[in-house]
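Remember, it's a predicted structure, so these values are computed and weren't measured experimentally. By convention in this document, chain letters (A, B, ...) are assigned in the order of the sequence lines, proteins followed by strands, and residues within each chain are numbered from 1.
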Protein chains: 2
Amino acid sequence: MSIMPLRMAEIVSKATIRDVARTAGVSVGSVSRALNGGKNVSVRVARDVAAAAEKLGYQPDFQARSLRTRTTGMVGCLVSDVANPLYASIVQAAEARLREAGLLMVVANTANDPARERAMVAAFRGRRLDGMLVAPGSDENDRAWRELAAGGAPVVILDRDVPHEEDRPWPAVLVDHREGARTATRYLIGLGHRRIALLTPGARMRPGRERIAGFKAAFAEADIDPTGALVCLQESSMDFAQGDALALLRRSQRPTAIIALGTRILAGALRAARDLGLSVPRDLSVISVGDTDLAAVHTPAITALRWSLEDVGRAAAELLLQRLRGTGEGQSRALLPVDLVLRESCVPPTAK
Amino acid sequence: MSIMPLRMAEIVSKATIRDVARTAGVSVGSVSRALNGGKNVSVRVARDVAAAAEKLGYQPDFQARSLRTRTTGMVGCLVSDVANPLYASIVQAAEARLREAGLLMVVANTANDPARERAMVAAFRGRRLDGMLVAPGSDENDRAWRELAAGGAPVVILDRDVPHEEDRPWPAVLVDHREGARTATRYLIGLGHRRIALLTPGARMRPGRERIAGFKAAFAEADIDPTGALVCLQESSMDFAQGDALALLRRSQRPTAIIALGTRILAGALRAARDLGLSVPRDLSVISVGDTDLAAVHTPAITALRWSLEDVGRAAAELLLQRLRGTGEGQSRALLPVDLVLRESCVPPTAK
DNA sequence: GGTTGAATTGGAAACGTTTCCACATTGCGG
DNA sequence: CCGCAATGTGGAAACGTTTCCAATTCAACC
């Protein structure tokens, strides 16, 4: 144990390609070719270089390589908050796929702040990251997306509609929130509900917009009184959701069913219901948008719209890798399905 | 919109420091000094350089700078799974602090696989990351920690006990799981419970070990039958936890209280209880280790051990920044407190 | 006005790669 | 036996910075 520090100092070894060249008795160019290309190197050189590299514990310096090759082996990932389970799983899956391909992933949280978004895009570009996965905080942040495009590095958009020039939509992984919301709403209408509230973050972003569209579409196609379709835009904070949900459930004509985004908002809504003494599902049917632990384990178990976050991350990584390799443009957009997982939180409304 | 592509091509601008030098009519050295040092540059040069840089939209190339300065402005973060809420919040908070300091964060998931851990440490080192935040998957993975040390770059350990040489403990952020578990256990014992089960991931890692120690300490100090202290080691998978919990709760002498890690395991335990028709807290008192949404929103709300994941992340980032700046070694370890948040899930056991 | 020292400045040498280019060396067909 | 293509090889030029060093300017002080 005592000699450890010395050995470590050795291992840190600044062994450079020049050292390898010297001990192998060849030129640096040959070493580089032997180690990378493999093309145009004699067996003798290959052997000697390998031996020398091994002996010296040579580790190529990515920084230097990057400078020369203009490629960093790193991609950026820009989301509002990696601690949000919705993003965490996406990030996790994307990282897994990218690592397989030998890439590192840089993450940054934007808190949906456009200025910060721009700053991080600039930072990514300054670091010459090879590409990026981005979930912009708003679909309208004009300046941000222009800067996005300016980088030259491929970008894949996560579940957003970023304005694009006519013929070149952004590569993107999208979730079919519209169809999901429509299915859920149709299901509730089928159970007899006529006053249904949709609690979702604002229409600033695609998921919210699509959900609202699907929600309304279900009412329209059922040909019932559309004033029963209550859209409540939310910030994604639990406290706020709870306050809003309380107000909603105190109305004289309170909704008999709620569809709530399953992160913080669902929690707030359930708390509100509990605080008002409303029993789920007897007094209030509930559908979670997104299948979280909370939804699955809650008593009663909450019926939920489910889509695979892992698939989103994986597909995004795949799309990005495609671009990076430049192998045929291939598919440019993926639309992932949403399923309704039936559980115990929805029943026909009690006649009143 | 049609001229956009051209403008973008311009913005991509390979404007290099040489260009700036030329248009400013000074040498590259002066540009570098003007832009960075600020020291020893005349106002004239400073002005001209600033103007030229502005005009050309000059963005320094971090890669090149890194090569020269041997510093990348990036730190690595190695955890088993960023999608685990326990880590997600830590990562989020650490990233926030590091970004403030102008650093980017690279994340990688190890899935607690020692080989992968080593590979990622090597990758980080090859990329010359300035430092790293690491939560090793095991406290015993000898080889990994040696390689850790070998890098020369500072490392901060997240809530683990990594073997160290006598006089140089690793900088680390630790959570006082022992005291937390002891408090929780004491509380249950105080309520009258005598058979209590602790469901936590194995003793391979510090948090589990410490919790078990605290759990047993509470029994010891209460001077009651220690066979009532049931330690159930778990993998952190919900299904597995549920199966185990089922077996546990079916015992003839089933525990009257459970302390369960609040991620997947708590969910599994609650499901198991529900499946067996056991009511919380009447038939079973429950304490969650870690205060998650699930614990807070569950009906009944689950009493929980709480510590601040944000503080862990922030403190870790702070410790790392300290090392990076080399400003006085300062504190090398942080021990964060754990509180017991009383809710509705614990009552005295029903006489039986 | 010359001397000195500080403040600025330009030029060039790193940093560690990859890649281009020119040159040897080979093998082969004519 | 003579080109000639194919193959391997070494040397050097990038890549875009920072930083060292020597040279120049400038002011101030004797």
Side-chain angles (χ1 to χ4, degrees), chain A residues 12-50 52-53 56-74 102 123 125-130 152-153, chain B residues 12-50 52-53 56-74 102 123 125-130 152-153:
Chain A
V12 173
S13 85
K14 300 299 187 191
T16 161
I17 198 176
R18 228 174 297 270
D19 301 327
V20 179
R22 195 170 335 110
T23 67
V26 299
S27 74
V28 290
S30 296
V31 175
S32 177
R33 277 186 300 260
L35 259 28
N36 305 320
K39 208 52 197 164
N40 272 4
V41 316
S42 66
V43 289
R44 184 186 64 81
V45 169
R47 174 170 42 77
D48 292 357
V49 166
L56 298 175
Y58 170 67
Q59 298 278 75
D61 182 332
F62 277 75
Q63 295 298 331
R65 186 197 306 240
S66 295
L67 179 57
R68 184 63 227 238
T69 62
R70 322 259 50 164
T71 159
T72 56
M74 302 194 279
R125 198 163 58 213
R127 254 86 170 196
R128 293 228 138 83
L129 300 197
D130 293 343
Chain B
V12 172
S13 86
K14 300 298 189 192
T16 160
I17 198 175
R18 227 175 298 271
D19 301 327
V20 178
R22 195 169 337 109
T23 67
V26 299
S27 74
V28 290
S30 296
V31 175
S32 177
R33 275 186 300 259
L35 259 29
N36 304 319
K39 208 51 196 164
N40 274 3
V41 315
S42 66
V43 289
R44 185 186 64 80
V45 169
R47 174 169 41 77
D48 292 358
V49 165
L56 297 174
Y58 169 66
Q59 298 279 75
D61 183 331
F62 277 76
Q63 296 297 331
R65 186 199 306 243
S66 294
L67 179 57
R68 183 63 226 239
T69 62
R70 320 259 51 163
T71 161
T72 55
M74 301 194 278
R125 198 161 58 213
R127 254 86 169 197
R128 293 228 137 81
L129 301 199
D130 293 343

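The two residues A:Thr72 and A:Arg127 come nearest to each other via the heavy atoms CG2-O, 3.5 Å. Pairing each heavy atom of A:Leu56 with each of A:Ala15, the nearest pair is O-CB, 3.7 Å. Minimum heavy-atom separation, B:Ser30 to B:Val45: CB-CG1, 4.3 Å. What you find for B:Ala34 and B:Ala46 is that their closest heavy atoms are CB-CA, 4.5 Å. The shortest heavy-atom contact between A:Tyr58 and A:Thr16 is CE1-C, 3.6 Å.
Phosphate contact (OP1/OP2 of D:dG16, side-chain N/O of A:Arg70, threshold under 4.0 Å): present. Within the 4.0 Å cut-off from OP1 or OP2 of D:dT18, at least one side-chain nitrogen or oxygen of B:Arg65 is found. One finds no side-chain N or O of A:Ser32 lying less than 4.0 angstrom from the OP1 or OP2 phosphate oxygen of C:dT19. Phosphate contact (OP1/OP2 of D:dT18, side-chain N/O of B:Asn36, threshold under 4.0 Å): present. An OP1 or OP2 oxygen of C:dT17 is reached within less than 4.0 angstrom by a side-chain nitrogen or oxygen of A:Thr16. Between A:Ser27 and the phosphate of D:dG11, there is no side-chain N or O to OP1/OP2 separation shorter than 4.0 Å.
Following rounding to the nearest Å, A:Arg18 (CZ) and C:dA14 (P) show an atom-to-atom distance of 10 Å. Taking atom CG of B:Leu35 as the reference point, atom P of D:dG16 lies 16 Å away to the nearest angstrom. D:dT17 atom C1' lies 12 Å from atom CD of A:Gln63, rounded to whole Å. Atom CD in A:Gln59 sits roughly 19 Å away from atom P in C:dC15 (whole-Å rounding). The CZ atom of A:Phe62 sits 17 Å away from the C1' atom of C:dC15 (whole-angstrom rounding). As rounded to whole Å, 11 Å separates atom C1' of C:dG16 from atom CG of A:Asp19. The distance between atom CZ of B:Arg22 and atom C1' of D:dG16, rounded to the nearest whole Å, is 13 Å. The distance from atom CZ of B:Arg128 to atom P of C:dT17 is 8 Å, rounded to the nearest whole Å.
Which of C:dG16, D:dT18, C:dT8 sits closest to the side chain of B:Asn40 comes down to C:dT8.
Where A:Val28 and A:Ser42 meet DNA chain D, the nucleotide closest to each residue was compared, and A:Ser42 sits on the side nearer the 5' end. Toward the 5′ end of DNA chain C lies the nearest nucleotide of B:Val45, the other residue of the pair B:Leu67 and B:Val45 mapping further downstream.
Residue B:Arg68 places a side-chain atom within donor-acceptor reach of the base of D:dT18, judged by atom type and a 3.5 Å distance cut-off alone. Interface remark: the A:Arg33 side chain does form a donor-acceptor pair with the D:dG10 base, using a distance-only criterion of under 3.5 Å.
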